[in-house]
Amino acid sequence: MGPALDHHHALIRKLCNKHRGYEVKTIGDAFMVAFRDAVDAVELSAALQFDFFNDMTWSQQIDHVYLEMDQQVTQDMKALEKAMYSIALSQEDYGKVWNGLRVRIGIHTGFGEIKKDPVS
């Protein structure tokens, strides 16, 4: 997963600069980015989703793993008689809605409080 994580980080950092974000910290695959304006944060999140989906350099293995997981979840839910949850996609349709790494993005707004951390 090393090359995928490196690519993930490069895409995020490129777009953070473009959307006036400041990278506060990174832990693993998680980024904390600060903005002066919530609009910039929303625009970054939309650009990230768009670029992650449209990036054709992701390994096909990533999609293969996700597709297998989705199919297993569907089978498990059907076994539990929760047929309404059936979201199984054909391999052809899968590529229309998913590509490469999946990312979650959370946006929090409000004024921050600056405090000195006694540890750092």
Side-chain angles (χ1 to χ4, degrees):
M1 204 58 165
L5 188 62
D6 292 342
H7 189 62
H8 166 272
H9 282 27
L11 280 173
I12 292 173
R13 288 186 172 119
K14 177 186 80 172
L15 289 171
C16 279
N17 288 334
K18 181 179 178 182
H19 292 278
R20 297 167 296 285
Y22 171 76
E23 182 180 332
V24 177
K25 65 181 176 179
T26 305
I27 301 173
D29 65 347
F31 278 71
M32 178 187 287
V33 181
F35 299 87
R36 286 183 179 248
D37 190 324
V39 172
D40 291 333
V42 172
E43 287 175 350
L44 169 67
S45 68
L48 282 171
Q49 293 291 351
F50 181 84
D51 280 13
F52 270 81
F53 180 80
N54 289 299
D55 189 318
M56 293 297 139
T57 61
W58 298 114
S59 166
Q60 292 292 323
Q61 292 174 326
I62 293 171
D63 283 328
H64 183 70
V65 169
Y66 282 135
L67 182 58
E68 284 182 353
M69 289 181 353
D70 288 348
Q71 290 170 342
Q72 186 61 50
V73 166
T74 299
Q75 288 175 0
D76 292 348
M77 295 306 286
K78 284 182 179 178
L80 294 171
E81 296 182 20
K82 306 228 185 227
M84 70 180 115
Y85 184 77
S86 179
I87 56 161
L89 295 172
S90 69
Q91 199 154 2
E92 181 183 334
D93 289 339
Y94 183 87
K96 295 175 184 175
V97 294
W98 297 111
N99 179 45
L101 288 180
R102 298 181 186 181
V103 295
R104 284 182 313 159
I105 300 170
I107 299 174
H108 304 270
T109 63
F111 294 102
E113 184 176 318
I114 299 173
K115 291 184 178 180
K116 181 174 170 51
D117 186 341
V119 177
S120 58

Problem - Nearest-0.5 Å distance, CG of residue L11 to CG of residue L15 - result: 6.5 Å
Practice task
Would you please test R20 and E43 for side-chain contact (heavy atoms from CB on, under 4.5 Å) and show each step?
Solution key: CA-CA 10 Å; R20 297 167 296 285; E43 287 175 350; 4.1 Å; yes
Exercise for the section: Identify the heavy atoms of V33 and C16 that sit nearest to each other, and give their distance. Expected result: CG2-SG, 3.6 Å
Exercise for the section: Please say which of F31, F52, F53 ends up in a side-chain contact (heavy atoms from CB on, under 4.5 Å) with V103. Expected result: F52
Completion exercise
d(L48 CG, H8 NE2) to nearest 0.5 Å is 8.0 Å
Handout entry: Nearest-0.5 Å distance, NE2 of residue H9 to NZ of residue K14
Key = 15.5 Å
Handout entry: Gap between atom CG of D51 and atom NZ of K18 - 0.5 Å precision
Key = 7.5 Å
Exercise for the section: Verify side-chain contact (heavy atoms from CB on, under 4.5 Å) between N54 and N99, making sure each step is shown before the conclusion. Expected result: CA-CA 7 Å; N54 289 299; N99 179 45; over 6 Å; no
Exercise for the section: Write down the atom of F35, the atom of A41, and the distance for their closest heavy-atom approach. Expected result: CD1-CB, 3.6 Å
Exercise for the section: Might you point out which heavy atoms bring R13 and T26 nearest each other, and give the distance in Å? Expected result: NH2-OG1, 3.7 Å
Problem - Nearest-0.5 Å distance that lies between atom CZ in R102 and atom CD1 in I62 - result: 11.0 Å
Problem - Distance (rounded to the nearest 0.5 Å) between I12 CD1 and D29 CG - result: 8.0 Å
Exercise for the section: Using only heavy-atom distances, determine whether the side chains of H7 and T57 contain a donor-acceptor pair under 3.5 Å. Expected result: yes
